[in-house]
Amino acid sequence: MSELLPYAYGGVVILLLILIFEIRQRKRFGKVLKQSQDVDPLFMKQATASKLSKVQQTLTAIQSANAVLYNKVSQKLDEVMHDYNAGKMPLPEYAHKLDLILNYIKKHANVKV
């Protein structure tokens, strides 16, 4: 029995080290979560940037063909971009409004989007 006692103590020490490491990692992870709470999701930002470029390309394509539609949509796009850049709307709402603008162009311009 006395031969197993050092192994038991060693096991307890290793278990305590693992528990201490786990507690430290949880605290660090909690701090990271708190810090990243206000950050917009990266993939949503990339998708929104893609939508914006698609809207701008489509507007350029219809500029000469349908000036009335171009003026209306570009004015709405400027309003939406200004509201987002001023912090008046969150990213998901901005992405949704860009989708609505794309659908409106698609419906009224007879252009492939």
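Values below: all heavy atoms of this structure, side chains included; hydrogens, waters and symmetry mates excluded.
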Got a list of side-chain donor-acceptor pairs under 3.5 Å for residues 69-80, not counting sequence neighbours?
from, atom 1, to, atom 2, distance (Å)
N71, ND2, A67, O, 3.2
K72, NZ, Y104, OH, 3.0
S74, OG, Y70, O, 2.9
S74, OG, N71, O, 3.2

> Restricting to pairs with a member in residues 87-98, which pass side chain to side chain donor-acceptor pair (under 3.5 Å), not counting sequence neighbours?
Replying inline: none

>> Test: salt bridge (charged side-chain N to carboxylate O under 4.0 Å, His left out). Region: residues 11-23. Which pairs qualify, not counting sequence neighbours?
In response: E22-R26

>> Under 4.5 Å between side-chain heavy atoms, counting indirect links through other Ile/Leu/Val/Met/Phe/Trp/Tyr residues: same cluster for L100 and L59 or not?
In response: no

> Rounded to the nearest 0.5 Å, what separation is found between the CZ atom of R24 and the CG atom of L19?
Replying inline: 12.5 Å

> Hey, is the main chain of Q46 close enough, under 3.5 Å, to the side chain of S50 for a donor-acceptor pair?
Replying inline: no

>> If you define the side chain from C-beta out and look only at heavy atoms, does anything of T48 sit under 4.5 Å from Y84?
In response: no

>> With rounding to the nearest 0.5 angstrom, report the CG to CE distance, L52 to M81.
In response: 5.0 Å

>> Measuring from atom CD of Q56 to atom CD1 of I101, what distance do you get when rounded to the nearest 0.5 angstrom?
In response: 10.5 Å

> Does a sphere of radius 6.0 Å around NE2 in H82 hold more than 12 heavy atoms from other residues, nucleotides or ligands, not counting ones at 6.0 Å or beyond?
Replying inline: no

